[in-house]
Amino acid sequence: MEKLKIVPCHIGIIMDGNGRWAEKRNLPRIFGHKEGIEAVRRTVKAANKYNIKYLTLYSFSTENWKRPKEEIEFLFSLMEKKLREEGENLHKNNVRVRFIGRIQELPPNLIEIIDYVEILTKRNTGLNLIFAINYGGRTEIIDGIKEIIKSGHSEKEINEELLSKFLYLPDVPDPDLIIRTSGEKRISNFLLWQSAYSEFYFTKVLWPDFDEKEFLKALLDYQRRKRKFGAI
Ligand code: IPE
Ligand code: IPE
Ligand code: MG
């Protein structure tokens, strides 16, 4: 079997297909979200194993507010519960947990545990595990521009480097690889600015079925890519 020699520094995942996973089994959609947590667990483990430095998981988009209230509430309470259960464990594993998105618009109970886990794991030096919650790429750029204006920068000072510094996590490198499950081939407002030169990997596997084997497939596919960044 092909050997893994080059791994991406930053992987972003659009975790899609929970609803369809449940529908296939004649179950309500929320069962797909529940099962999706197991895929998150497997993926974090695999990312650790293969020495990935940054893993960004798209968990709730700014457009997901269009879903039924019950589904949204379920998702937020599931996130809260799992963060409460897993926070200490992630900390023990030297994982630094971070969040991007308009966190301030989330329910107070969820914000509370987000803040707690972020502070708890702040000094950890292992995997950077980033949850994108109430995240939208366009919103992130708008928020950045607002901050630039507030801080009094002039038109002349505005360039790519400056805007990058005003995005949610300026110290995190752009994603090298973006994986999307469930067969959809679109970006759905994920890391728009940062994905300018990312490699994309699409798989038909539904998110709750995603595992280390699928993760490794994506890594092997990635190492066969020739990245050019506009050069020859
Ligand atoms: C992804 O699965 C999870 C979230 C967007 C929160 P979906 O819920 O979008 O599943 P499908 O696309 O309906 O199958
Ligand atoms: C993208 O999935 C958002 C997340 C995975 C959190 P969606 O299921 O919301 O995307 P669309 O609506 O199919 O583009
Ligand atoms: Mg979907």
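Position 1 is the first residue of the sequence; numbering continues from there. One-based numbering, in listed order, for ligands and for the atoms of each. Any value given below was found using the heavy atoms of this structure, including those in side chains, with hydrogens, waters and symmetry copies removed. Keep in mind it's a predicted model, so treat the numbers as computed, not measured.
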* Apply side chain to side chain contact (heavy atoms under 4.5 Å, CB included) to the pair Leu191 and Ile100, showing each step before the final yes or no. => CA-CA 10 Å; Leu191 302 177; Ile100 51 172; 4.0 Å; yes
* Asked: Given the rule in the side chain to side chain donor-acceptor pair (under 3.5 Å) test, do Trp193 and Asp174 qualify, once you have shown the distances and angles that lead to the verdict?
  -> CA-CA 9 Å; Trp193 177 270; Asp174 290 344; 5.6 Å; no
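At a heavy-atom cutoff of 4.0 Å, ligand 2 is contacted by the backbone of Phe60 but not by its side chain.
By the 4.0 Å heavy-atom criterion, Ser182 is excluded from the residues contacting ligand 1. The closest approach between Ser59 and ligand 1 falls below 4.0 Å for a heavy atom of the residue. Close to ligand 2: Arg180, with a non-hydrogen atom less than 4.0 angstrom away. Residue contact annotation: Arg29 has a non-hydrogen atom under 4.0 Å from ligand 1.
Of all protein heavy atoms, the one lying nearest to atom 5 (C) of ligand 1 is Arg67 NH2, 3.4 Å. In this structure, atom 1 (C) of ligand 1 lies nearest to the protein heavy atom Met15 O, 3.0 Å. Of the protein's non-hydrogen atoms, the one nearest atom 2 (O) of ligand 1 is Asn18 N, 3.2 Å. Considering only non-hydrogen protein atoms, atom 14 (O) of ligand 2 sits nearest to Ser188 OG, 2.6 Å.
When only interatomic distances are considered, the shortest N/O to N/O separation between Asn64 and ligand 2 falls below 3.5 Å. When only interatomic distances are considered, the shortest N/O to N/O separation between Asp16 and ligand 2 falls below 3.5 Å.
Inside a 4.0 Å radius of atom 11 (P) of ligand 2 there is at least one protein heavy atom.
The side chain to side chain contact (heavy atoms under 4.5 Å, CB included) with Pro208 is formed by just one residue from the set Glu38, His33, Glu35; it is Glu35.
Note on Arg84 versus Glu80: salt bridge recorded, some NZ/NE/NH1/NH2 to OD/OE distance being below 4.0 Å. In this structure, Glu184 pairs ionically with Arg20, as a charged nitrogen and a carboxylate oxygen lie closer than 4.0 Å. Between Lys45 and Glu212 there is no salt bridge, since no side-chain N of the basic residue sits under 4.0 Å from a carboxylate O of the acidic one.
Near Arg186, the atoms of ligand 2 lying under 4.0 angstrom from a non-hydrogen atom of the residue are 11 (P), 13 (O), 14 (O). In the vicinity of Arg20, heavy-atom distances shorter than 4.0 Å reach the ligand 1 atoms 11 (P), 12 (O), 14 (O). Close contacts of ligand 1 with His33, meaning ligand atoms under 4.0 Å from a residue heavy atom, involve 3 (C), 8 (O).
Using modelled atom types, one finds no donor on one side chain facing an acceptor on the other under 3.5 Å when comparing Tyr54 with Arg96. Of the N and O atoms on the side chains of Tyr168 and Asp143, at least one donor lies less than 3.5 Å from an acceptor on the other residue.
Taking the six-membered ring where tryptophan is involved, the planes of Tyr58 and Phe190 are essentially parallel, since the angle between them stays under 30° and well short of 60°.
Between the Mg ion (ligand 3) and Asp16 there is an N/O/S contact shorter than 2.8 Å.
Trp207 places a side-chain N or O within donor-acceptor distance of the main-chain N or O of Gly36, the cut-off being under 3.5 Å.
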